[in-house]
Each structure stands twice: as C-alpha cells, then as structure tokens.
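Everything on this sheet refers to the single structure shown next.
Numbers restart at 1 for each chain; the letters A, B, ... are given by sequence-line order, proteins then strands.
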2 protein chains.
Amino acid sequence: MIDVDHEDTILRSFILFVQTAYTILKYADAHLYRKARLSISKLVVMRAIASNNGVITPSELAEWTQTERHNITTVVERMKRDGLIRTERNPRDRRFVNVSLTDKGREVLMQAMPVAREIVDQVMSSISEDDAVLLEKSLSALRQSAHQGLEHVAKRSQP
Amino acid sequence: MIDVDHEDTILRSFILFVQTAYTILKYADAHLYRKARLSISKLVVMRAIASNNGVITPSELAEWTQTERHNITTVVERMKRDGLIRTERNPRDRRFVNVSLTDKGREVLMQAMPVAREIVDQVMSSISEDDAVLLEKSLSALRQSAHQGLEHVAKRSQP
DNA sequence: TATTGTTATACTCTATAACTATA
DNA sequence: TATAGTTATAGAGTATAACAATA
C-alpha cells in the first residue's frame with residue numbers, strides 16, 4: 001500500500017513538472033516573440049556569444065545548448081539571414097568557424113534582455129527565495145537523473 | 001544589495017528550471033521513441049482518449065493538451081496514418097468528431113505505459129517523497145504565474 | 001450567427017546519414 | 001586518420017489566416 005501511494009505521488013509530481021515546463025516555455029516563447037521578435041533558441045545563442053567574449057564556434061554552441069552540430073548549422077543559418085550574427089573561418093585553423101554578433105545583433109540583444117528579465121520575474125514572482133533554494137535542490141537532482149537516463153539511451157542506441 | 005542577491009537567486013533558479021525541463025523532455029522523448037516508437041504528444045493523446053471513456057473530440061483534446069484545434073487536426077492526421085486512432089462524425093450533431101483508439105492503438109498504449117513508468121521512475125528516483133511534495137508546491141505556483149503571464153500575452157495580442 | 005473542425009501555408013526545431021575541407 | 005562543419009532530407013510541432021459544414 002505504501003509503495004502504491006509513493007508511486008502515485010511521484011507520478012503526479014512528474015506530470016505536474018511536465019505541465020509546468022510546457023506552460024512556462026510557451027509563455028516565455030510567446031512573450032519574447034511579441035516583445036523582441038526573438039525565439040528562445042536565438043536568445044540563447046546570442047547570450048552564449050556575449051558570454052564567450054563575443055566569439056564562439058559552432059561546436060561550442062552545440063555543447064552550450066546540449067544539441068548536435070548540424071542543428072547549430074541551421075539556427076546559425078537563420079540568424080545570419082536575420083542579420084543578427086556573422087561567421088568567418090579561423091585563419092589559423094580553417095576547420096574552425098568564428099560566430100559573432102553584428103551591430104544589429106548587439107542592439108536586438110540589448111532590447112531582449114529586459115524582456116527576458118520580465119519573463120523570469122513574472123514566472124518566479126509566485127515563490128519565495130527560500131522556496132527557490134529548495135526548488136533548486138530538487139531540480140539539480142532531477143536533472144542529473146534525467147541526464148543519466150539520456151546517457152543510457154544513447155549507449156543502447158550504439159550498434 | 002539584498003535585492004540584487006534575490007534577483008540572482010531567482011534568475012539562477014529559472015535557468016536551472018529551463019535546463020532541467022529540456023533535459024527531462026529530451027530523455028523522455030528519446031526513451032519513449034526507442035522503446036515504443038511513440039512521441040510524447042501521441043502518448044498524451046492516447047492517454048486522453050483512454051481517460052475519457054474511449055472517446056474524445058478534437059476540441060476536448062485541444063483543451064487537454066493546452067493547444068489550438070488546428071494543431072489537433074495535424075496530430076490526429078498523423079496518428080490515423082499510423083493506424084493508432086480512428087475518427088467518425090457524431091451522428092447527433094455532425095459538427096462534432098469522435099476520436100477513438102483502434103485495436104492497434106490500444107495494443108501500442110498497453111506497451112507504452114510501462115515505458116512511461118520507467119521514464120518517471122528514472123527521473124524521480126533521485127528525490128524523496130517529502131521533497132516531491134515540496135516540489136509540487138513550488139511547481140503549482142510557477143505554473144499559475146506562467147499561466148497568468150500567458151493570458152496577459154494573449155490579451156495584448158487582441159486588436 | 002455561433003460553433004466545430006479543416007485546409008493552406010510557413011517557420012522552427014530536431015534527427016539520421018552522408019559529405020567536404022582542413023589538419 | 002581525426003576533427004570541424006555542412007548538406008540533404010525528413011518529420012514533428014506550432015502559428016496565422018481563411019475556410020467549410022453544421023446547428
């Protein structure tokens with residue numbers, strides 16, 4: 001009986017987590033697009049460039065965003081089309097590409113940061129700092145166990 | 001100074017939440033696809049049908065999944081193509097469509113449920129039941145504030 | 001006129017596989 | 001041979017706008 005109750009609790013918690021994640025991401029995406037004409041992915045790329053002294057490689061972006069290199073190629077392509085970033089080969093080792101912000105990109109990033117701040121403040125307004133600290137503890141644990149699961153899936157998919 | 005520290009805490013918590021959500025959803029999607037050849041969206045639709053006495057309308061599905069009706073049309077189309085569900089007009093009011101599981105759909109759902117269970121157990125294995133209860137409290141608050149934000153965005157987009 | 005649902009269209013994001021260029 | 005990145009291709013998911021059918 002106790003085990004069944006425990007199962008119910010963790011299933012309910014998990015479903016609530018997924019629903020909450022979906023709602024938050026939907027809100028962040030909609031608000032960011034309405035106010036800054038930017039997707040979350042593009043903002044993350046721009047922040048990564050700015051945090052990396054203004055230059056970053058596609059491989060570093062792939063690691064930063066936890067995705068594959070070919071997915072970076074596509075988002076970089078779209079952002080070049082939008083005039084937000086530029087790319088150039090590294091002259092010392094022409095295998096590498098340097099991705100950097102254009103003037104327009106810097107301007108859009110500066111306009112987008114306060115919007116991102118609004119989103120964070122709106123979502124987090126409902127919990128206290130103490131609760132946020134407890135939340136971080138649980139989130140870290142969940143993230144690590146999901147990461148372990150992902151590695152297991154990846155290993156199983158190897159031939 | 002205290003305000004700045006508070007801002008730092010909530011920003012860090014928010015970023016951790018988004019990263020955790022991304023990792024969990026990626027793991028769930030990959031594991032579910034490898035083991036049951038199913039996407040999360042399709043599983044959610046099938047569970048919604050089963051939870052609704054075996055029949056549901058597209059509008060009810062849209063409410064269940066917090067999306068728009070035309071998005072239901074597309075996922076229903078794909079699931080019909082996969083042989084998982086069938087649709088028929090309601091003879092009493094031909095505006096309505098009844099969506100139900102096929103025999104294959106019921107079989108796939110029965111195979112997928114233990115896989116979903118594995119995903120939940122893997123992710124939630126890292127936290128205690130007490131922590132899960134605390135987590136639910138914070139998640140409910142976050143979800144509600146994000147929902148409020150979404151309504152605000154929607155209202156602002158009206159002419 | 002209101003409601004249910006679909007169609008047309010386009011864009012973002014992700015994934016697999018094969019490929020090029022450089023070292 | 002290994003590494004960085006791209007291309008080709010496909011599919012899922014979502015959004016806007018216009019539309020058809022039914023009540």
Do the side chains of A:Asp103 and A:Arg106 get close enough for a salt bridge, i.e. N-O under 4.0 angstrom?
yes

May I ask you to say whether B:Lys42 pairs ionically with B:Asp82, meaning some side-chain N is under 4.0 Å from a carboxylate O?
yes

Want to settle it: does A:Asp29 or A:Asn98 sit nearer the 5' end of DNA chain D, counting the closest nucleotide to each?
A:Asn98

Give A:Tyr22 one of three labels, base, sugar-phosphate or nothing, depending on what nucleic acid heavy atoms sit under 4.0 Å from its own.
sugar-phosphate

Do A:Arg12's NZ or CZ and the ring of A:Phe14 fall within the cation-pi criteria of under 6.0 Å and 45°?
no

A:Asp93 has an atom CG; how far is it from atom P of D:dA2, in whole Å?
17 Å

Which of residues 67-81 of chain B have a heavy atom under 4.0 Å from DNA chain D?
B:His70, B:Asn71, B:Thr74, B:Arg78, B:Arg81

B:Arg95 side-chain proximity, nearest of D:dT6, C:dT3, C:dC13
C:dT3

Give the angle between the helix axes at the two ends of the helix from C:dT1-D:dA23 to C:dA23-D:dT1, taking five base pairs at each end and rounding to 10°.
20°

B:Ser138, B:Ser140, B:Ser145 screened by side-chain hydrogen bond (donor to acceptor under 3.5 Å, both in side chains) with A:Ser126, the one that passes
B:Ser145

Rounded to whole Å, please give me the gap between CZ in B:Arg34 and P in C:dT14.
16 Å

Can you tell me how far P of D:dA20 sits from CZ of B:Phe96, to the nearest Å?
21 Å

Measure from the side chain of B:Val97, starting at C-beta and using heavy atoms only, and say which of C:dA23, C:dC13, C:dG5 lies closest.
C:dG5

Take the protein atom OH of A:Tyr33 and the nucleotide atom C1' of D:dA15, then report the distance between them rounded to whole Å.
9 Å

Would you say A:His70 has more than 12 foreign heavy atoms packed within less than 6.0 Å of its NE2?
yes

In whole angstrom, what separates A:Glu60's CD from D:dT3's C1'?
14 Å

Rounded distance in Å - CG (B:Leu25) to P (D:dG13)
12 Å

Starting at CG of A:Leu43 and ending at C1' of C:dC13, how long is that distance when rounded to a whole Å?
16 Å

